[in-house]
Enquirer: 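Okay, here's the structure, questions in a sec.
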Amino acid sequence: MERVCALSGFGRWIMAYQALYRKWRPQTFEQVLGQTATVKTLRRQIEAGRIAHAYLFCGCRGTGKTTMAKLMSRAINCMNPSQGDPCGECEACRAIMNETTMDVLEMDAASNSRVEDVRELLEQVRYPAQIGRYKVYIIDEVHMLSNSACNALLKTLEEPPAHVVFILATTEPQKLPATILSRVQRYDFGRIPSSLMVERMREALADMNIEAEDEALRMVARAAEGAMRDAFSILDMCVAGAEDGRITAAQTRDMLGSSDREFLFDFFRLLAVRDECGVMRKIDDLMRSGREPQVFLRELSAHSRCLLTVKAVAQDAASILDVTEEDEARYREQAEQFSQMRLLRMLDLFMKAEGDLRFASTPRIGLESAALHACEQNTSEDASALLERIGELEAKLKVMENDLASGKLAVVQQVEAAPKAAKTEAKPAAPAKPVIPAAPKDEQGVWNALLDNLKKNDPPTFAILKKERFIGAKGNVYQLLIPFNKKEFSYARLSKQQHKERIGALLSEIAGKPTLFEPILEPDVGDKGMDAVRADAQQSLIEAFGRETVQIDEGKKA
């Protein structure tokens, strides 16, 4: 923030505000965020004096490509460098920082894409540097150059003068010709981690004596999607609206037009039970509060991704999701209400709807349509739809097991009414001791006892195991042979670690000793096709739940 004296009758002071991303642009390699490998390599080149004639910096917006190019232009021309960093005090550094030298020339290829623009730039290549050792040409968004312009640049890139260094920057390197890619040193800039962005934003706010809630800064970092420049631009707006020198999460949420986390958890709770009425009311509340449908769809996709991640990652998913351990626990609890197949379908649905909303005349209708489709049950007959429905049954059973274990649900047993007490009151009988059945002695007996247990407590798994051939035990490993044509259904299901561990635990309990379970896939003897998979899946459902409760529509084929 600079004070500029305005000559007026009152001698008033005018405050000129400098954007945060410009004020906090790194001036040394140490200040560059999230690009450790690139910084390390470039500093070594500068220290050793092995400067390449052309560099290509690739990556999404706001990750430091142009900043690194300007930093390098000063570092290779600095008269008093320190460990590869420019001193910032010498004549060359000051001239480049003040943009008063022709030694560093910048061109935006997005607005100067013609061959004439490139030729005009290259006319100055033959002249040596005025102050430093190198003339540096920075071409931003180089993929926007026309074919003729690329060809004009190619000859100079191939045989440049010794005093010339080209630094090209692009967000889409795949659009560059291979002839240019082969003549440059390429460095890829990754998205900046949220934790580093939050730390840098705190540093900037402390300099302005402004406080911010942790959740507010995390929201800004998530919205920036790994781009520090975007984070500072959003933070600029938050600073402008800060009250009493404090940025709150509520203010940031209103400014971003996003929904809070509780709203998302409530929305997915309604999706889990397919409450279409509740979903539509939630969307109405969202619209009345001024939220954007496209932003909300993006948040629905992100929430779906979080639920899928905790399903796939057994431990420490918080580091992948960049959330707290408490948040991870909440995601895990909600993920149990969905099958993996349904979450994948919902994620695809929300992502497609977000793209379609760009061309929708009424975005709200597009959001409502996507939400109602997410409530629908997948009634297709292909294997993925059947797996999704079975997965949902498993999820419901899992929730019931957890509720029983936690005491939320209790098993109520009906007891026949006892006969009226006789006139003489009988003494209460001693409680009967529970009868513990003896452990089966042979492997087949153990397996039969397992099937009896699953038939009562886990009908879907019982239906699958009953149809396959038990081939005995090797050591303490009980093996089940599964035909190759059931690879995508029975074998895929039973091979999951949680199912193997659960069946193994039941076998251990029945056998009275540590026991494992392993499904064995038969060699490929010919694929029976989707009809066989469909028939097997239908038969499993019938055996699990009874023919009278399963209705199969033979009219449509997947």
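Throughout, numbering of the chain's residues begins at 1 and tracks the sequence. Since the structure is predicted, the reported quantities are computational estimates derived from the model, not experimental observations.
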Enquirer: Out of Glu213, Met255, Arg253, which one pairs with Met219 under the side-chain contact (heavy atoms from CB on, under 4.5 Å) rule?
Expert: Arg253

Enquirer: Checking Glu299 against Arg305 for the salt bridge (Lys or Arg N to Asp or Glu O under 4.0 Å) test, could you report, in this order, the C-alpha distance in whole Å, the side-chain angles of both residues, the deciding distance, and whether it holds?
Expert: CA-CA 10 Å; Glu299 292 173 340; Arg305 179 237 176 190; over 6 Å; no

Enquirer: Please answer whether the main-chain N or O of Ala169 pairs with a side-chain N or O of Glu141 as donor and acceptor at a distance below 3.5 Å.
Expert: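 Absent.
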
Enquirer: So Leu176 and Leu56, side-chain contact (heavy atoms from CB on, under 4.5 Å) or not? Walk me through it.
Expert: CA-CA 11 Å; Leu176 288 174; Leu56 176 63; 3.9 Å; yes

Enquirer: If we ignore hydrogens and angles and just use 3.5 Å, is the side chain of Gln35 paired with the main-chain N or O of Gly64 as donor and acceptor?
Expert: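 Not confirmed, Gln35 side chain does not pair with Gly64 backbone.
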
Enquirer: Would Phe517 and Leu506 count as a side-chain contact (heavy atoms from CB on, under 4.5 Å) here? Give the steps.
Expert: CA-CA 10 Å; Phe517 168 73; Leu506 288 173; over 6 Å; no

Enquirer: Among residues at least two apart in sequence or on other chains, which ones pass ring pair (Phe, Tyr, Trp, His ring centres under 6.0 Å) with Phe267?
Expert: Phe296

Enquirer: Shortest non-hydrogen contact from Ala371 to Ile283?
Expert: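 Result for this residue pair: CB-CD1, 3.7 Å.
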
Enquirer: So, Asp244 side chain and Arg246 main chain: donor-acceptor pair closer than 3.5 Å or not?
Expert: no

Enquirer: Please name all residues satisfying ring pair (Phe, Tyr, Trp, His ring centres under 6.0 Å) with Phe29, sequence neighbours left out, ordered by chain then number.
Expert: none

Enquirer: With respect to Leu465, which candidate in Ile503, Ile482, Asp458 satisfies the side-chain contact (heavy atoms from CB on, under 4.5 Å) definition?
Expert: Ile503

Enquirer: Is there a salt bridge (Lys or Arg N to Asp or Glu O under 4.0 Å) between Asp284 and Lys282? Walk through the geometry before answering.
Expert: CA-CA 5 Å; Asp284 185 63; Lys282 277 286 186 182; over 6 Å; no

Enquirer: Taking atom CZ of Phe350 and atom OG of Ser304, what is their separation to the nearest 0.5 Å?
Expert: 5.0 Å

Enquirer: Is it true that atom CE of Met351 has more than 12 heavy atoms of other residues, nucleotides or ligands lying nearer than 6.0 Å?
Expert: no

Enquirer: Answer yes or no: is there a side-chain heavy-atom contact under 4.5 Å between Thr171 and Cys60?
Expert: no

Enquirer: Verify, without hydrogens or angle tests, whether Arg342 (side chain) and Ala374 (backbone) share a donor-acceptor contact under 3.5 angstrom.
Expert: yes

Enquirer: If the threshold is 4.0 Å, N to carboxylate O, is there a salt bridge linking Lys65 and Asp140?
Expert: no

Enquirer: Would you call Leu71 and Leu42 a side-chain contact if the rule is heavy atoms closer than 4.5 Å?
Expert: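 Heavy-atom side-chain distance check fails, nothing below 4.5 Å.
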
Enquirer: If we count only N and O atoms by modelled type, under 3.5 Å, do the side chains of Glu333 and Tyr331 hold a donor and an acceptor together?
Expert: no

Enquirer: Would you mind checking if Lys70 and Glu106 are paired as a salt bridge, meaning a charged N to carboxylate O distance below 4.0 Å?
Expert: yes

Enquirer: Within the 3.5 Å criterion, strictly below it, is a donor on Thr461 or Arg493 matched to an acceptor on the partner's side chain?
Expert: yes

Enquirer: So which heavy atom on Leu357 is nearest to which on Gly366, and how close?
Expert: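 So the two residues come closest at CD1-CA, 3.8 Å.
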
Enquirer: So Asp285 and Arg291, salt bridge (Lys or Arg N to Asp or Glu O under 4.0 Å) or not? Walk me through it.
Expert: CA-CA 9 Å; Asp285 293 340; Arg291 302 292 190 259; over 6 Å; no

Enquirer: Evaluate salt bridge (Lys or Arg N to Asp or Glu O under 4.0 Å) for Arg364 paired with Glu368, printing each intermediate quantity in order.
Expert: CA-CA 6 Å; Arg364 173 173 178 165; Glu368 291 174 339; 2.9 Å; yes

Enquirer: Grab the two heavy atoms, one from Phe57 and one from Met68, that are nearest each other, plus how far apart they are.
Expert: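 Shortest heavy-atom contact: CE1-CG, 3.7 Å.
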
Enquirer: With sequence neighbours excluded, what pairs up with Glu292 under the side-chain hydrogen bond (donor to acceptor under 3.5 Å, both in side chains) test?
Expert: none

Enquirer: Could you pull out every donor-acceptor pair under 3.5 Å between side chains of residues 202-210 and any protein atom, sequence neighbours left out?
Expert:
residue, atom, partner, partner atom, Å
Arg202, NH2, Asp214, OD1, 2.1
Asp207, OD2, Lys23, NZ, 3.2

Enquirer: Under 4.0 Å between a side-chain nitrogen and a carboxylate oxygen: does that hold for Lys352 and Asp356?
Expert: yes

Enquirer: With no hydrogens and no angle check, is any side-chain donor or acceptor of Glu328 less than 3.5 Å from a backbone partner on Ala318?
Expert: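 Side chain of Glu328 to backbone of Ala318: a pair is present.
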
Enquirer: Taking side-chain hydrogen bond (donor to acceptor under 3.5 Å, both in side chains) as the test, write out the residues that go with Glu262, two or more places apart.
Expert: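 If we apply the side-chain hydrogen bond (donor to acceptor under 3.5 Å, both in side chains) test to Glu262, skipping adjacent residues, the hits are Arg330.
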
Enquirer: What is the minimum heavy-atom distance between Thr67 and Pro26, and which atoms define it?
Expert: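 Smallest heavy-atom distance, with atoms named: CG2-CD, 3.6 Å.
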
Enquirer: Going by ring pair (Phe, Tyr, Trp, His ring centres under 6.0 Å), name the residues that satisfy it together with Phe268, two or more places apart in sequence or in a different chain.
Expert: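 Expected list: His303.
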
Enquirer: Looking only at heavy atoms, what is the nearest atom pair of Leu507 and Leu516, with distance?
Expert: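 Result for this residue pair: CD1-O, 4.1 Å.
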
Enquirer: List the atom of Glu518, the atom of Lys500, and the distance in Å for their closest heavy-atom pair.
Expert: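 That closest heavy-atom pairing would be OE1-NZ, 3.2 Å.
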
Enquirer: Between the side chain of Arg229 and the main-chain N/O of Thr63, is any donor-acceptor distance below 3.5 Å?
Expert: no

Enquirer: Give a yes or no answer on whether the side chain of Thr248 reaches the backbone of Gln251 with a donor-acceptor pair at less than 3.5 Å.
Expert: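 Judged by distance alone, yes, a pair lies under 3.5 Å.
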
Enquirer: Looking only at side-chain N and O atoms, does Gln27 offer a donor or acceptor that is under 3.5 Å from a partner on Gln31?
Expert: no

